[in-house]
Amino acid sequence: MQKKISFIDLGKQPITNNFLNFPNSKNEFFYNLKLIFHSKTKLVSLSKFVSPKKMFNEKYAHRASASKTMQLAYAELARFIKKKYKPKSILEIGSNDGVFIKHFNNINNFGVEPCKNLARITKKMGIKTYDDFWTYKLSKKIIKKNKRFDIIYSANTISHIHNLKETFDAVNGSLNNTGIFILEDPSLVEVIKNTSYDQFYDEHAYVFSITALKNITEKAGLQIFKVEKLKTHGGSNRVYFKKSNNYKINISKTVLKQLEDEKKFGIGDLKIYKKFAQNIRISKKKMIKIFKKIKNNKEKIIGYGATYKSSTVLNYCKLTHKYIDYFLDTTPTKVGKFTPGTHIPIFKYKGIPDNVRFAFLGAWNFKDEIFKKEKKFIKRGGKFITHVPYPKII
Ligand code: JHZ
């Protein structure tokens, strides 16, 4: 029997997309963020899900093309897919601002995107976009109008959808017989290793291990045939699937290797989650200590990259406006707003001002890109504060 075991309570958390027009917004929505381990499937998820309509709507702020790193990563993957699989049709679930799917404008390319403001962007680019949630019903509607797909791709989206059985059934039903499904999401092993607990927030209903994905997708008639470990978003898995009844499946060694590594790591064992929880609590104490020490010296601290993830850290550690003067971000839809729950103003990035010596790395997953960009700040003695893999000033 499946047991759902809670292993950490990350306290009251807001909707991470809810960038506020005014601080102290009275009607701000909060929920209790607790993480649970599913004993049988080995899934790790939030204990309670937030309503999708509350999170993914017309006001969605995140733009997948906001970093050079991701633009390059998607372009490279698109080149690989075209060369290797020569698809005639492709569907992306969670097409955001088209950063990936735009590379397929010469074939039949489709997007699914429930945030209507984003769907409008890809429609304008000429991509046939369904502005709705990925469900079995929508998948039926799409394949009724069009043929089944050669490739279905989804990055940082499947982990956001609550009903996994329905999600994967719909994927299976929308692939042609030799079709390939490619999924990309943060890796649970990397999250645990790096105590990057901020990968859990309202949108991230799950953080997947390959073990859990195998258990879930097998039931939907999908077979993993390759796994790639990526550096993006602090360590992600790119997982390749075919229909289980596809007679042409060569399963790469990477699948067994990954499953064995996860077993050794203890991914199916509650012990690892208890240790993870302990590390999170230690991380919190150390973060607060670092911020207090800098603030006691009357120094400014700014935030660099008002990420959704950082919302979990800020709210869990109660790092409010008292500790962080303001955030800098390049995303126009976030500029002029306040961070959810912690009410820190977000300003337009125009370089780090000279009177700032400390910057909290909200976008720690783009550390290399940011360090390259901020050579001047680093040269004049500027320091970044990060909690990954443990709280430190770098
Ligand atoms: P980034 C979002 O999470 C939400 P977030 C979502 N749930 C998800 O899974 C991931 O994306 C993929 C800024 N920035 O990508 C831009 C700078 O200002 O880590 C962005 O606002 N300067 C769908 O928000 C933010 O940081 C820079 O030089 O955690 C990055 O957000 C760089 C590199 C970024 O995702």
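Note that ligands are numbered from 1 as they come in the structure, with each ligand's atoms numbered from 1 the same way. These numbers come from a predicted model, not from an experiment. Residue indices begin at 1 and follow the sequence shown.
The side-chain tip of K392 points at the ring of Y390 from less than 6.0 angstrom away and within 45° of straight on. Geometrically, K337 does not engage F19 in a cation-pi contact defined by less than 6.0 Å to the ring centre and at most 45° from the axis. The cationic atom of K373 (NZ for Lys, CZ for Arg) lies less than 6.0 Å from the six-membered ring centre of Y349 and within 45° of the ring axis. Cation-pi geometry between K141 and Y130 is not satisfied (NZ or CZ under 6.0 Å from the ring centre, within 45° of the ring normal). At least one cation-pi condition fails for K12 and Y31: the charged atom is not both under 6.0 angstrom from the six-membered ring centre and inside a 45 degree cone around its axis.
Using a 4.0 Å heavy-atom cutoff, H160 is listed among the residues neighbouring ligand 1. Ligand 1 lies within reach of Y60, whose nearest heavy atom is under 4.0 Å from it.
Using a 4.0 Å cut-off to heavy atoms of K373, the atoms of ligand 1 that qualify are 22 (N), 27 (C), 28 (O). Ligand 1 places these atoms under 4.0 Å from at least one heavy atom of T331: 16 (C), 20 (C), 21 (O). The atoms of ligand 1 that sit less than 4.0 Å from any heavy atom of I370 are 28 (O). Less than 4.0 angstrom separates some heavy atom of N156 from each of these atoms of ligand 1: 9 (O), 12 (C). Within the listing of ligand 1, atoms 26 (O) sit less than 4.0 angstrom from a heavy atom of A363. Within the listing of ligand 1, atoms 20 (C), 21 (O) sit less than 4.0 angstrom from a heavy atom of K334. Heavy-atom proximity to F366, at under 4.0 Å, picks out these atoms of ligand 1: 1 (P), 15 (O), 19 (O), 30 (C), 33 (C).
Within 6.0 Å of the CG atom in N250, the count of heavy atoms belonging to other residues, nucleotides or ligands does not exceed 12. Within 6.0 Å of atom NZ in K123, more than 12 heavy atoms from other residues, nucleotides or ligands are found, so the atom counts as buried in its surroundings. Taking a 6.0 Å sphere around CZ of F80, one finds it holds more than 12 heavy atoms contributed by other residues, nucleotides or ligands. Residue-environment remark: NZ (K284) exceeds the threshold of 12 foreign heavy atoms within 6.0 Å. No more than 12 heavy atoms of other residues, nucleotides or ligands shown are found within 6.0 angstrom of CD on E76.
In this structure, atom 1 (P) of ligand 1 lies nearest to the protein heavy atom K309 NZ, 3.7 Å. In this structure, atom 8 (C) of ligand 1 lies nearest to the protein heavy atom Y201 OH, 3.4 Å. In terms of protein heavy-atom proximity, atom 18 (O) of ligand 1 is closest to T330 N, 3.0 Å. Of the protein's non-hydrogen atoms, the one nearest atom 13 (C) of ligand 1 is D329 OD2, 3.4 Å. The protein non-hydrogen atom at the shortest distance from atom 5 (P) of ligand 1 is Y308 N, 3.5 Å. Atom 30 (C) of ligand 1 has T307 CG2, 3.6 Å as its closest protein atom, hydrogens excluded (heavy atom only).
Note: an N/O pair closer than 3.5 Å links N365 and ligand 1 by distance alone. On a distance-only criterion, H233 and ligand 1 share no N/O pair closer than 3.5 Å. For a threshold of 3.5 Å applied to N or O pairs, the pair formed by H204 and ligand 1 contains at least one separation below that value.
Ring centroid separation for the pair F377 and F384 comes in under the 6.0 Å cut-off.
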Stepwise salt bridge (charged side-chain N to carboxylate O under 4.0 Å, His left out) test for D269 and K42 = CA-CA 8 Å; D269 195 339; K42 314 301 179 197; over 6 Å; no

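The proximity of Y349 to ligand 1, defined as any non-hydrogen pair under 4.0 Å, does not occur for either the backbone or the side chain.
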